[in-house]
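For reference, the structure discussed in these notes is given below.
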Amino acid sequence: MIPATSGKKSYQGKDLTSINKNDWNRLRKDVQIVFQDPYSSLNPRLTIGEAIAEPLKVHGLELSSTNRKEKVVALLEKVGLSSSHFQRYPHEFSGGQRQRIVIARALALEPSFVVCDESVSALDVSVQAQVLNLLNDLKKEFGFTIVFISHDLSVVKYVSDRILVMNKGQLEEIGDASSIYNHPKQAYTQKLLAALPKISF
């Protein structure tokens, strides 16, 4: 989204600073994002069925309206909702349910890479655990990679194989999730861990 001033950005061996428009379109299909606030991520004028089907239309996938609906219903069921929710609007759902809806929408295009940007921070702890368990289950089933961005290292550890700790845009520490969480080497990482509430997932 922001032009690079130095360094290199690459995905699956391609330099993202020099790819063409067609490559960008393919990349946008393959890389999806789940935002912190699901309500702001959803158009209040669209039913959730329409919202989840929208990426399929945008990317011109050859699906009839019947097939699109079947796919959307299957995705709703995968995230713990049901076909009866298809015609309902975002305001009719709780925060945890809305997050499930935007996860379903992110998976509609069958991406290989999903960015979760503070995607459980607005939820209470019990709902956080449900959504994190869902993400772990979906990750195994669909085989996508998650980059999970959060200030809460206990949450990051729960969904991650590796942790990268950043401080003011600079890399502080990187390594196996258990090692970083249980044996942090850098003072900043130690400070983040010390600030965590005594709750674990």
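Scope of the values below: all heavy atoms of this structure, side chains included, with no hydrogens, waters or symmetry mates.
Follow the hydrophobic side-chain contacts under 4.5 Å out from V147 and you reach L16 in the same cluster. Following chains of ILVMFWY side-chain contacts shorter than 4.5 Å, one cannot reach L123 starting from Y39, and the two form parts of different hydrophobic clusters. I149 and M166 fall into different hydrophobic clusters, defined by Ile, Leu, Val, Met, Phe, Trp and Tyr side-chain heavy atoms under 4.5 Å apart, directly or through other members. The same ILVMFWY cluster, assembled from side-chain heavy atoms under 4.5 Å apart, contains both I103 and F142.
Atom NE2 of H59 sits in a crowded spot, with more than 12 heavy atoms from other residues, nucleotides or ligands closer than 6.0 Å. Counting non-hydrogen atoms of other residues, nucleotides and ligands closer than 6.0 Å to NZ of K139 gives a total above 12.
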Go through V115 and Q32 one step at a time and tell me if the side-chain contact (heavy atoms from CB on, under 4.5 Å) criterion holds. CA-CA 6 Å; V115 178; Q32 294 294 302; over 6 Å; no

For I101 and R105, run side-chain contact (heavy atoms from CB on, under 4.5 Å): C-alpha distance rounded to whole Å, both residues' side-chain angles, the deciding distance at 0.1 Å, then the answer. CA-CA 6 Å; I101 293 163; R105 186 178 62 180; 5.7 Å; no

Take V34 and Q99 through the side-chain contact (heavy atoms from CB on, under 4.5 Å) test and state the conclusion after the steps. CA-CA 8 Å; V34 177; Q99 200 59 281; 3.3 Å; yes

Evaluate the side-chain contact (heavy atoms from CB on, under 4.5 Å) criterion for residues I33 and V114: first the C-alpha distance (whole Å), next the side-chain angles of each, then the deciding distance (0.1 Å), finally the verdict. CA-CA 5 Å; I33 188 163; V114 177; over 6 Å; no

Apply side chain to side chain donor-acceptor pair (under 3.5 Å) to the pair S112 and D30, showing each step before the final yes or no. CA-CA 6 Å; S112 64; D30 202 36; 2.7 Å; yes

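Checked by atom type and distance alone, the side chain of T47 pairs as donor or acceptor with a backbone atom of E50 at under 3.5 Å. Between the side chain of D176 and the main chain of R162, no donor-acceptor pair closer than 3.5 Å is present. Side-chain N or O atoms of N167 include none that pairs as donor or acceptor with a backbone N or O of Q170 at under 3.5 Å. Although no hydrogens or angles enter the test, the distance criterion places no donor-acceptor pair under 3.5 Å between the side chain of N67 and the main chain of L63. With hydrogens and angles ignored, the 3.5 Å screen pairs a side-chain donor or acceptor of S41 with a backbone N or O of D37.
For the residue pair T66 and S64, no side-chain donor N or O sits within less than 3.5 Å of a side-chain acceptor on the partner. Judged purely by distance below 3.5 Å, without hydrogens or angles, the side chains of S150 and Y158 never pair a donor atom with an acceptor atom.
Between L109 and P55, the shortest heavy-atom contact is CD2-O, 3.6 Å. Nearest heavy atom pair, residue V127 against residue G96, reads CG1-CA, 3.6 Å. When all heavy atoms of Y11 and V31 are compared, the closest pair comes out as CZ-CG2, 3.9 Å. The minimum heavy-atom distance between K157 and N182, with the atom names listed, is CE-ND2, 4.5 Å. Pairing each heavy atom of L196 with each of S154, the nearest pair is CD1-N, 3.8 Å. Of all heavy-atom pairs spanning C116 and S119, the tightest one is CB-OG, 3.3 Å.
Taken from CG in L134 to CZ in R100, the straight-line distance is 5.0 Å, to the nearest 0.5 Å. Of the inter-residue distances, the one linking L153 atom CG with S160 atom OG reads 9.5 Å to the nearest 0.5 angstrom. Rounding to the nearest 0.5 Å gives a distance of 7.5 Å between OG of S121 and CD of Q128. For the atom pair CD of E92 and CZ of R98, the computed distance is 10.5 Å after rounding to the nearest 0.5 Å. Atoms CD and CD, on E173 and Q190 in that order, are 8.0 Å from each other to the nearest 0.5 Å. Note: I48 CD1 to Q87 CD = 9.5 Å, rounded to the nearest 0.5 Å.
In this structure, the side chains of V159 and I146 stay at 4.5 Å or more apart for every pair of heavy atoms. Within the 4.5 Å cutoff, the side chain of V102 has no heavy atoms near those of the F35 side chain. Under the 4.5 Å side-chain criterion, counting only non-hydrogen atoms from C-beta, D15 is in contact with K8.
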Would you list the atom pairs, donor with acceptor, under 3.5 Å between side chains in residues 72-80 and any protein atom, with sequence neighbours excluded?
residue : atom : partner : partner atom : Å
K78     : NZ   : E141    : OE2          : 2.3

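Sequence neighbours left out, the pairs with a member in residues 74-93 that pass ring-ring contact (aromatic ring centres under 6.0 Å, His included) are H85-F93.
With respect to D23 and K14, a salt bridge is recorded, a charged nitrogen being found less than 4.0 Å from a carboxylate O.
Ring pair F144/F113: centre-to-centre distance not below 6.0 Å.
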